[in-house]
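This report concerns only the one structure given below.
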Amino acid sequence: MTKTVTFMTRNFNKYDVMSIDEYIAIGGFTALKRAITMDGEDIAREIAACQVKGRGGAAYDMGKKWSQARSEKNPEKVIVCNADEGEPCTFKDRTLIQNDPFNLLEGMIIAGYTMKAQNGYIYMREEYSHLRPILLNAIKQANEKGYLGKNILGVEGFDYQIHLYSGAGAYVCGEGTALVESIEGKAGRPRMKPPYIKQCGLYNLPTCVQNVESLSLVAGILNNGDTYKSYGPADCLGTKLVSVAGNVNRPGVYEIPFGMTVREIIYDLAGGVQGDRDIRLIQFGGASGKIAPASVLDTPYTYDDLKGAGVGVGSGAILVVDERTSVIDFLTTTQQFFSHESCGQCAPCREGNLHIKLLLQKVKAGTHTASDVKLLKQIAETMMITSLCGLGQAAQSALLAAMKHFPQTFEVK
Amino acid sequence: MAKINIKINNIPLEVEEGMTILQAAKLIQVDIPHLCYHPDQSVRGHCRVCSVEVVGGRKLMPACATKVWEGMEVFTNTKKVYDTQKLLLEMILANHKQECLTCQRNGNCELQNLSKRFNLTSPKLPNVVEKLPVENNATCIVRDLSKCVKCGRCAKACREFQGIEAISYTGRSSHFKVMSAFGENLEKTDCILCGQCTAACPVGALVEKDDTDKVYEALQDPTKHVIVQVAPAVRVALGDAFGMEKASIVTSKMVTALRRLGFDQVFDTNFAADVTIMEEGTELLDRVQNGGTLPMITSCSPGWINFMEKHYPDQLAHLSTTKSPQQIFGALSKTYYPKVSGIDAKDIVTVSIMPCTAKKYEAARPEMGRDGMKDVDIVLTTRELSRMIATAGFDFAELPDDDFDAPMGIGTGAGAIFGATGGVMEAALRTVYEVATGKELVKVEFNDVRGYEGIKESEVDLNGTKVRIAVAHGLKNARVIMDAVRAGKCDYTFIEIMACPGGCIGGGGQPIKTTVDIKKMRMDALYDIDESLPLRKSHENPQVKEVYDNFLGKPCGHLSHDLLHTTYQKVDKKYTF
Ligand SMILES: Cc1cc2nc3c(=O)[nH]c(=O)nc-3n(C[C@H](O)[C@H](O)[C@H](O)COP(=O)(O)O)c2cc1C
Ligand code: SF4
Ligand code: SF4
Ligand code: SF4
Ligand code: SF4
């Protein structure tokens, strides 16, 4: 039971989340105090040395992202904390906000210092409205104590403010460009790229978007980078929050060292499958993630190993589906999600989701033909390679993986 | 611009940095298929039909949105590209009410062309289109959302050319639609009925209301005397619809076509434009001399008038009260013309051929008529006329020449250039200068007010008084000027505004496929007409002199006021945002 670790979760239950004084008493803001003595480039380098990859799903090298953001010339810049957490089966960001809001804030302030930004925005999904008082209080107290505002900690010209924005519930608004459109008060539809958000994002300013978990790592890394690096195998250092759910006995958020096997996560941490049933499939990374049969259980949870097994880390979600649910029922439910959440502006995603839904109905009814199966694959692949944003590109990940791992589902009767 | 080296389909080429793949492919004579791309609009990359392979990339890249880079290798012709483009097209087609044979855009539709190009003869997908009722309740624009391919070109035309956003995006996933606020009749929204959206639409989802049947009916009625006027901008665009060289001057073939279609008399709106100048020029001098509201702003573009009534109702006093050339012609056609011809006004049907959809709305305004008669009975756009000519089976390019009829068939060069942005200003200056100074204007060209720039400014010297003038086209530009006028921060005396980009030559009723380049050619053609004419100042038009001598009296006189001037009022919108 001690297989979990407490790097990111070290402060959980250690202080009253409504009290900045208690946070300071347990060592809060020491990372920020160190950061302001450093050159921003060195901060980015320390993060890079810890091999941190963005935790929102795309796994982009965070140190590199910060360096690139630093090199943008515009004197005005923006940091966005992506707390939209819309990916089904993902609830780790909620846990972080709920249990250690000041640590997140500290990470965002360090990001602001590093990138020379004037404003930071937390974009939190509407469903987390109950967490608003926690964040608003944290922002208020940080202002009162001089961790936000003008000349922060006496550093001339380090002016930085954090704002809290609420989404309206659309999954696509977790996509960076849709997110900034939403903050701007427009309908949350992704923008075409280029221009990339890092050059021209919120209010046309260079914008660095980072997931809650990514930002929550920053203070810990600046304080105890070596501890962080002591976890995980050499090519995948550190710890990760996973959200395990589905037909497991103890669903929840667990902080694991990279390299733990999927079996350990599901059986040792999450208490195994309900009723000791067999696993039908496991989906990694949320609804937009790929699926695999139980043979994936002995794969170590690292970026490369999961990739080798045909799945991926994604949002850190692990959804366990036992034998009671058929593959086609699972796919139908996943499809319902995307048919609902597509923003509809680009043709492959809008039209593709519609036809896939119809074709899956045929597969479920057993009335499909060989050419239907071919078409299903062709539409899924076309969506993947032509959709405007990540939603359409990843919407058929599960379907394409199912066609590979569970061919019997699509057999023509 | 720096040059860079790329390869498309293994053909090496040197192109300018900043070019898109779509543009670069044109250099090797490859037209990459596309639907949502329009050369005059911002790129949004929504249809994805232009997806091509770029070596090294996992995904395909949208050619419209991807700029070339040094060493880039593109393939537009692989099986993967072909299959992908074809499937995307099939999906779009599967959500489309395919009724080509009864569609206004049959034969001139980008989706139809692409279906043909990709040989979509055996579609694999079921048709999933939601059949929605055709919205046919506005005066000039018909919408059929079941034919909409959601390319957004209408919305971009409305926002980027006109700054209006009467059409926008709504709904999500398969409920995504491009439409007016709450699906309301456009007339009740911010829309000013300019028709730019209809000209931008690649398919038959957004079209002008077709009034050709009304014209056929009138032409068939032996008790009716049917006369027609043609706006200046039509004659440099109509040939486009028949595959002639872009912006050909087809005035005399057009007159022949109209006569052979059965119109009893073929008149020229250019004549009425010259009358407009007499009235508006006099009005301007009067406002300057007697402390009237300045700046005075032109009033000949009905889209612009709609804009003022809906968006700047507090600024209406700036508008010249002079009617537009179409309505001046209309008023004279039911008063002066009956007097001269001896034909009873009740038997006269006045038809206009206009480059503009808003002209239909203007003609239908209750104030535009007398004794229960409308001044202009039916308005056709250039596109509708081109359909009538096609129906008649005329080989348009080969038609012989003919001339307009008297007494309303002579127009000066000043009348001709009304069709281009800056033209009304220039025409007015030619007359106002001579009237105000009593001197002859030797050089008639005012080059400062010519050209495609959004807002043009100049200054003219009228007998020692410096008069500041401005010209704007496209309502996005007009808004800049109007905000300055509203704020009292502008020292112009006279402003010309036309709703459509480029002026009437770029009107919403002009032949499909109007780009900035084509509009510039049409502009040049109008200035060529101007230069070729013996008379280039409105006040020198002999037929204009006749109408004043024998009928109206003097410009802005009593009868003119009754017939040729109008008033404006605030128009309420159903929604404001
Ligand atoms: C459809 C879609 C939804 C997304 N939702 C989220 C989200 O809820 N939270 C998040 O952090 N990232 C989300 N992302 C990923 C973001 O676009 C972005 O990559 C991420 O916020 C960057 O932060 P990171 O580098 O720290 O992961 C989403 C991406 C897509 C395409
Ligand atoms: S892929 Fe889907 S969600 Fe993304 S822009 Fe296209 S329609 Fe919208
Ligand atoms: S819009 Fe084009 S494809 Fe559609 S019915 Fe009309 S002509 Fe045919
Ligand atoms: S007619 Fe003009 S104002 Fe109206 S929706 Fe079309 S482009 Fe916009
Ligand atoms: S109405 Fe026409 S221009 Fe507008 S989105 Fe539909 S197809 Fe495109």
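Letters A, B, ... mirror the listed sequences (proteins, then strands); counts begin at 1.
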* Is B/Tyr169 close to A/Arg189 at the side-chain level, that is, under 4.5 Å between some pair of heavy atoms? -> yes
* Choice from B/Cys36, B/Ala94, B/Pro126, B/Gly57 maximising heavy atom contacts with chain A below 4.5 Å -> B/Pro126
* Asked: Around atom NZ of B/Lys131, are there more than 12 heavy atoms of other residues, nucleotides or ligands at under 6.0 Å?
  -> no
* **Steps toward side-chain contact (heavy atoms from CB on, under 4.5 Å) verdict (A/Ile379, B/Met91)** => CA-CA 9 Å; A/Ile379 296 175; B/Met91 290 200 278; 4.1 Å; yes
* Do B/Leu125 and A/Leu375 have side-chain heavy atoms sitting under 4.5 Å apart? -> yes
* Flag yes if more than 12 heavy atoms outside A/Lys290 fall under 6.0 Å of its NZ atom; otherwise flag no. => no
* Non-hydrogen atoms of chain B under 4.5 Å away: do they reach the side chain of A/Ser387, the backbone, both or neither? -> backbone
* **Under 4.5 Å from any heavy atom of chain B - which part of A/Leu388** => both
* Proximity breakdown for A/Gln393 and chain B, heavy-atom pairs closer than 4.5 Å -> side chain
* What distance separates B/Asn95 CG from A/His355 NE2, expressed to the nearest 0.5 Å? -> 6.5 Å
* Heavy-atom pair of closest approach, residues B/Phe176 and A/Cys343 -> CD1-O, 3.7 Å
* If you count the non-hydrogen atoms of other residues, nucleotides and ligands that lie under 6.0 Å from NZ in A/Lys364, is the total more than 12? -> no
* **Closest non-hydrogen atom pair between A/Thr386 and B/Arg48, with its separation** => O-NE, 2.6 Å
* Is it true that atom NZ of B/Lys26 has more than 12 heavy atoms of other residues, nucleotides or ligands lying nearer than 6.0 Å? -> yes
* **chain B contact via A/Met384 - which portion, at a heavy-atom distance below 4.5 Å** => backbone
* Below 4.5 Å, heavy atoms only, C-beta onward: do B/Leu60 and A/Thr382 meet side chain to side chain? -> no
* State, to 0.1 Å, how close B/Arg172 and A/Ser342 come at their nearest heavy-atom pair, and which atoms those are. => CB-O, 3.5 Å
* Part of B/Ser174 within contact of chain A (heavy atom distance under 4.5 Å) -> both
* Structure fact -> If one checks every heavy atom of A/Leu359 against chain B at 4.5 Å, the contacting part turns out to be neither
* Structure fact -> Residue from B/Thr84, B/Thr66, B/Thr170, B/Leu87 scoring the most non-hydrogen pairs under 4.5 Å with chain A is B/Leu87
* Would one find more than 12 heavy atoms of other residues, nucleotides or ligands at under 6.0 Å from atom NZ of B/Lys573? -> yes
* Contact winner vs chain B - A/Arg350, A/Met192, A/Gln345, heavy-atom pairs under 4.5 Å -> A/Gln345
* Structure fact -> Heavy-atom nearest pair, A/Ile385 first then B/Lys80, reads CD1-CE, 3.8 Å
* Hey, are the side chains of B/Leu88 and A/Pro348 touching, using non-hydrogen atoms and a 4.5 Å cut-off? -> yes
* Within a radius of less than 6.0 Å around NZ of B/Lys177, do more than 12 heavy atoms belonging to other residues, nucleotides or ligands occur? -> yes
* To do: Please name the pair of heavy atoms, one in A/Gln378 and one in B/Asp83, separated by the smallest distance, quoted to 0.1 Å.
  => NE2-CB, 4.2 Å
* Looking at B/Val178, B/Ile92, B/Val128, which has the largest count of heavy-atom pairs under 4.5 Å with chain A? -> B/Val128
* To do: Report, as yes or no, whether the 6.0 Å neighbourhood of atom NZ on A/Lys186 holds more than 12 heavy atoms from other residues, nucleotides or ligands.
  => yes
* **Shortest non-hydrogen contact between B/Cys47 and A/Ala347, atoms and distance** => O-CB, 3.5 Å
* Hey, what do you get for OG (A/Ser339) to NE2 (B/His175), rounding to the nearest 0.5 Å? -> 9.5 Å
